Amino acid sequence: MNNHVTVLEIDANALEHNLNYFKQKLEPSTKILAVVKAFGYGSDGVQVAQFLQDKVDYFAVAYTHEGIALREAKVKTPILVLHPQIQNLQTIVEYRLEPNLYNFKIFNAFLKLADEAPLMNYPIHIKFNTGLNRLGFWHNDLSIIISKLKETNHVKVQSLFSHLAASEDLEEKEFTINQLNNFAYIAKQFYKHLDYEPLLHILNTSGVVNYAKAQFDMVRIGIGLYGFGNDEKETAQLKNTHNLKSIISQIHLIEPGETVGYNRAFVAKKHSKTATIPVGHADGLSRKLGNKKGYVFINNQKAKIIGNVCMDMIMVDVTKIDCNEGDEVIVFNSQEMLKHIAEVSETIVYETLTAISQRVKKVLKR
Ligand SMILES: *Cc1c(COP(=O)(O)O)cnc(C)c1O
């Protein structure tokens, strides 16, 4: 049992608000796939999925074991595994997960497994590379894929999809529109040769924000569910879902000239009061936040991190704050705080969220 006092509260109302915000941007018929990979972007993929399961059409995870965790938690919603490996295919079927087949090696392996089992109309997804050059078939693979699919009723293509390389960057609009057109062309060829019509999807969060016309049959929302739209105006419409809280373990009164933390990085210039908080880089706080770059809130006042961030702790300056050992500490509870942490950590909010480690206790708050 995890009884760490450093707790990430996942705000269920905020998740629902964000989901509804994206729903109202879309056609009522457009399906929603909630991306819960990487522990629900550093929260708790299982708790998030249990909360969202009757509100969305699909879930996606990156890896097979992430999907298994959802199935073991009795999540019944279809689950797309975005990045399976050949070694995982048997397990994928056992847990009724739906594989993305992105190259001939894994496509052929799955068809072989489906033939041998035999499976009937097992749901698979086929990904096309339209410019990201990460995972996916090329459009000139189309004819072989189609001819193989025509020979079997052991699998059924549930969806065709692709992924945008720069959906948040309007300076890359021309490139993105080209990706969208390529995808539409591939889908058309597919529909022409197959006697059924798989779902089509290409948009992630900022795809929905910037290219909603290309919503096709489904959209894949990740970061947006967790409160960020990769755009200030959008983010303002969303609610923060990740609230990291802790408590003060100890308060020290130190004299001028004394130092705080490893390498004696903070040197007190005057009589000071410091608070030690049980959250460190092993919980996901970057060392770049040390030495007054980062801050927390204690009793509604800003307390700067002094000295280096330790593995398990930070020390903050509370000289001017009325506080006691055991008082609550807000490490972050707003989009502004998270954006600040990401900026100081020289990264993007995606990484700040997913960095929240497994040691932190996770609680979904309704
Ligand atoms: C992670 C991921 C998403 C979600 O992207 P967001 O920008 O977080 O909405 C969608 N599709 C694929 C293929 C992904 O890997």
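Keep in mind that this is a model prediction, so the values were computed, not measured. First listed ligand is number 1; within each ligand, the first listed atom is number 1.
The side-chain tip of Lys304 does not point at the ring of Tyr295 from less than 6.0 angstrom away and within 45° of straight on.
Checked against a 3.5 angstrom limit, the closest N/O atoms of Ile223 and ligand 1 fall inside it. No N or O atom of Ser206 sits closer than 3.5 Å to an N or O atom of ligand 1.
Scanning the protein for heavy atoms near atom 9 (O) of ligand 1, the closest one is Thr205 OG1, 2.5 Å. Among protein heavy atoms, the minimum distance from atom 4 (C) of ligand 1 is reached at Tyr41 OH, 3.4 Å. Here the heavy atom of the protein found nearest to atom 12 (C) of ligand 1 is His163 CE1, 3.4 Å. In terms of protein heavy-atom proximity, atom 2 (C) of ligand 1 is closest to Lys37 NZ, 2.6 Å.
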>> Pair His201, Ser159 - check side-chain hydrogen bond (donor to acceptor under 3.5 Å, both in side chains), show working.
In response: CA-CA 7 Å; His201 50 109; Ser159 86; 2.7 Å; yes
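Leu19 is connected to Leu26 through a chain of hydrophobic side-chain contacts under 4.5 Å among Ile, Leu, Val, Met, Phe, Trp and Tyr, so both are in one cluster. At a threshold of 4.5 Å between side-chain heavy atoms, the hydrophobic network of Ile, Leu, Val, Met, Phe, Trp and Tyr places Leu132 and Tyr211 in two separate groups.
Remark: side-chain polar atoms of Asp217 are not paired, donor with acceptor, to backbone N or O of Leu199 under 3.5 angstrom.
Between the side chains of Asn88 and Tyr95, no donor-acceptor pair is found at a separation under 3.5 Å. Judged purely by distance below 3.5 Å, without hydrogens or angles, the side chains of Ser167 and Asn204 pair a donor atom with an acceptor atom. A donor and an acceptor atom, one from each side chain of Thr276 and Ser249, are nowhere located under 3.5 Å apart.
Under a 4.0 Å criterion applied to the non-hydrogen atoms of Lys127, ligand 1 contributes the atoms 13 (C). Short contacts between ligand 1 and Arg220, defined as distances under 4.0 Å to a heavy atom of the residue, involve ligand atoms 9 (O), 10 (C), 11 (N), 12 (C), 13 (C). Close contacts of ligand 1 with Arg134, meaning ligand atoms under 4.0 Å from a residue heavy atom, involve 15 (O).
Aromatic ring pairs are classed by plane angle as parallel below 30°, tilted from 30° to 60° and perpendicular above 60°; the pair Tyr63 and His65 is parallel.
Heavy atoms of Glu168 stay at 4.0 angstrom or farther from ligand 1. Contact analysis puts Tyr350 in contact with ligand 1, with a non-hydrogen atom separation below 4.0 angstrom. Within the structure, ligand 1 lacks His201 among the residues with a heavy atom less than 4.0 angstrom away.
Neither the backbone nor the side chain of His83 has a heavy atom within less than 4.0 Å of ligand 1.
Of all the listed residues (Asn204, Val35, Leu135, Val36), Asn204 holds the heavy atom that lies closest to atom 5 (O) of ligand 1.
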